[in-house]
Amino acid sequence: MINSDSDLIKAIERRASIYSPSNDTVKQLGKVSLIAVVAPSVVGKSTVTGRILELDADFSRVCSFTTRLPRPQESEEAYDFRGNSSDALNAITRDIEEGKLVQFAVHRTTGIVYGSHSDQYQKRYCLLEALPTSIEQLDRLPF
C-alpha cells in the first residue's frame, strides 16, 4: 500500500526503467516520426520547438503532461498541467499499469512527473521536449 505522494512518485520512478506501453499504444505510434528535443529543465527546449513549428507546418508538438505548476508567463498550452495531488499521481499510476502512456520520467531533483499519451502525437513529424532520463524509454518505441 502506498501511503504518501512521495511514495507514489517513487513508485512511478521505479516503473520508468521497465515500462512498456500496451500493444494498442505501440500501434498508434507506428506512423509517427519522433524528433526528441532533449535537455535538462529550463534551458530552452520550448523555445527551440516553437521556432521549428513556426517554420514548418508538417511538425506538431507533443503536448506532454506534467505534475508541476505553470511557470510565470508560461502558456497554459505548454503542457497538460495535472498538478501533484494524490488523485493526479494515482491517475498516472493507473495509466502506467494499463500501458496507456508512451513514455514518462520523474525529474531526479524535483520529483516532478512528465509523460505523454499516444493521442498527443498528432502529425507525421512530432517534436517531444524530453528530459535526458526519458531517452531509454523512447529508444524502445517503434517511431
Side-chain angles (χ1 to χ4, degrees), residues 2 5-143:
I2 296 176
D5 292 349
S6 175
D7 290 338
L8 281 167
I9 292 168
K10 288 176 186 172
I12 291 169
E13 187 171 26
R14 282 192 300 273
R15 296 286 306 270
S17 65
I18 59 169
Y19 178 75
S20 292
S22 70
N23 288 336
D24 288 340
T25 300
V26 169
K27 281 181 190 176
Q28 294 176 22
L29 302 175
K31 297 179 181 175
V32 173
S33 292
L34 179 71
I35 297 93
V37 181
V38 182
S41 295
V42 197
V43 296
K45 295 183 297 289
S46 298
T47 301
V48 170
T49 300
R51 185 67 179 129
I52 292 169
L53 295 174
E54 289 173 9
L55 295 171
D56 195 327
D58 289 335
F59 286 81
S60 68
R61 181 182 169 277
V62 176
C63 185
S64 301
F65 68 82
T66 181
T67 59
R68 74 169 173 78
L69 298 174
R71 295 183 182 117
Q73 300 182 5
E74 184 173 40
S75 165
E76 287 290 325
E77 291 83 37
Y79 285 96
D80 173 9
F81 293 100
R82 302 276 179 95
N84 58 3
S85 69
S86 295
D87 288 342
L89 294 170
N90 279 316
I92 292 167
T93 300
R94 278 190 303 277
D95 284 348
I96 292 168
E97 290 169 356
E98 295 172 11
K100 291 182 177 180
L101 301 182
V102 171
Q103 56 79 36
F104 63 94
V106 177
H107 191 280
R108 289 185 176 156
T109 58
T110 64
I112 293 169
V113 181
Y114 296 88
S116 61
H117 287 89
S118 59
D119 62 349
Q120 295 168 316
Y121 295 75
Q122 298 179 352
K123 290 189 178 180
R124 171 79 171 102
Y125 302 106
C126 295
L127 298 163
L128 175 67
E129 298 158 13
L131 295 172
T133 55
S134 66
I135 296 306
E136 185 179 328
Q137 281 183 354
L138 294 171
D139 279 343
R140 295 190 304 252
L141 296 170
F143 291 108

*K100, NZ atom: more than 12 neighbouring heavy atoms under 6.0 Å*: no
*Check the surroundings of atom CZ in R108: do more than 12 heavy atoms from other residues, nucleotides or ligands lie under 6.0 Å from it?*
no
*Does the cation-pi check pass for R51 over F59, that is, NZ or CZ under 6.0 Å from the six-membered ring centre and within 45° of its axis?*
no
Closest approach of [X] to [Y] (non-hydrogen atoms, all atoms of both residues):
X	Y	result
P21	V26	CG-CG2, 3.8 Å
L138	A130	CD1-CB, 4.4 Å
S60	Q122	OG-N, 3.9 Å
S134	Q103	CB-OE1, 3.7 Å
T133	A105	OG1-CB, 3.6 Å
A88	G83	CB-O, 3.5 Å

Would you find a donor on one side and an acceptor on the other, under 3.5 Å apart, between the side chain of [X] and the backbone of [Y]?
X	Y	result
Y19	L101	yes
T67	I112	no
K27	S22	no
R61	L53	no
D56	I52	no
T93	L89	yes
Q28	S118	no

*Do the rings of F65 and H117 sit parallel, tilted or perpendicular, given the 30° and 60° boundaries?*
tilted
_side chain to side chain contact (heavy atoms under 4.5 Å, CB included) involving E13 - partner list, sequence neighbours excluded_ =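 With neighbours one apart ignored, the set is V106.
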*Lys/Arg N to Asp/Glu carboxylate O, R94 vs E98, below 4.0 Å*: no
_Pairing of R68 and E74 as salt bridge, 4.0 angstrom limit_ =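 Between E74 and R68 there is a salt bridge, with a charged N closer than 4.0 Å to a carboxylate O.
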Quick check: do [X] and [Y] have side-chain heavy atoms less than 4.5 Å from each other?
X	Y	value
I96	I12	yes
E77	C63	no
Y114	E129	no

*Could you go step by step and tell me if T49 and S46 meet the side-chain hydrogen bond (donor to acceptor under 3.5 Å, both in side chains) rule?*
CA-CA 5 Å; T49 300; S46 298; over 6 Å; no
Going by atom type alone, with no hydrogens or angles, which donor-acceptor pairs under 3.5 Å involve a side-chain atom of residues 34-42 and a protein atom two or more places apart or on another chain?
unit_1	atom_1	unit_2	atom_2	d
S41	OG	H107	NE2	3.4

_Evaluation steps, side chain to side chain contact (heavy atoms under 4.5 Å, CB included), between V102 and F143_ = CA-CA 11 Å; V102 171; F143 291 108; 4.0 Å; yes
*List the steps, then state whether side chain to side chain contact (heavy atoms under 4.5 Å, CB included) holds for T66 with D80.*
CA-CA 6 Å; T66 181; D80 173 9; over 6 Å; no
*Please round to the nearest 0.5 Å and tell me the distance separating atom CG of L8 and atom CD1 of I92.*
9.5 Å
*State the CG-CG distance between D87 and D5, to the nearest 0.5 angstrom.*
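Result: 9.5 Å between the selected atoms.
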*Could you walk me through whether D58 and K123 pass the side chain to side chain contact (heavy atoms under 4.5 Å, CB included) check?*
CA-CA 7 Å; D58 289 335; K123 290 189 178 180; 6.0 Å; no
*Test log, rule side-chain hydrogen bond (donor to acceptor under 3.5 Å, both in side chains), inputs Y121 and S116*: CA-CA 9 Å; Y121 295 75; S116 61; 2.7 Å; yes
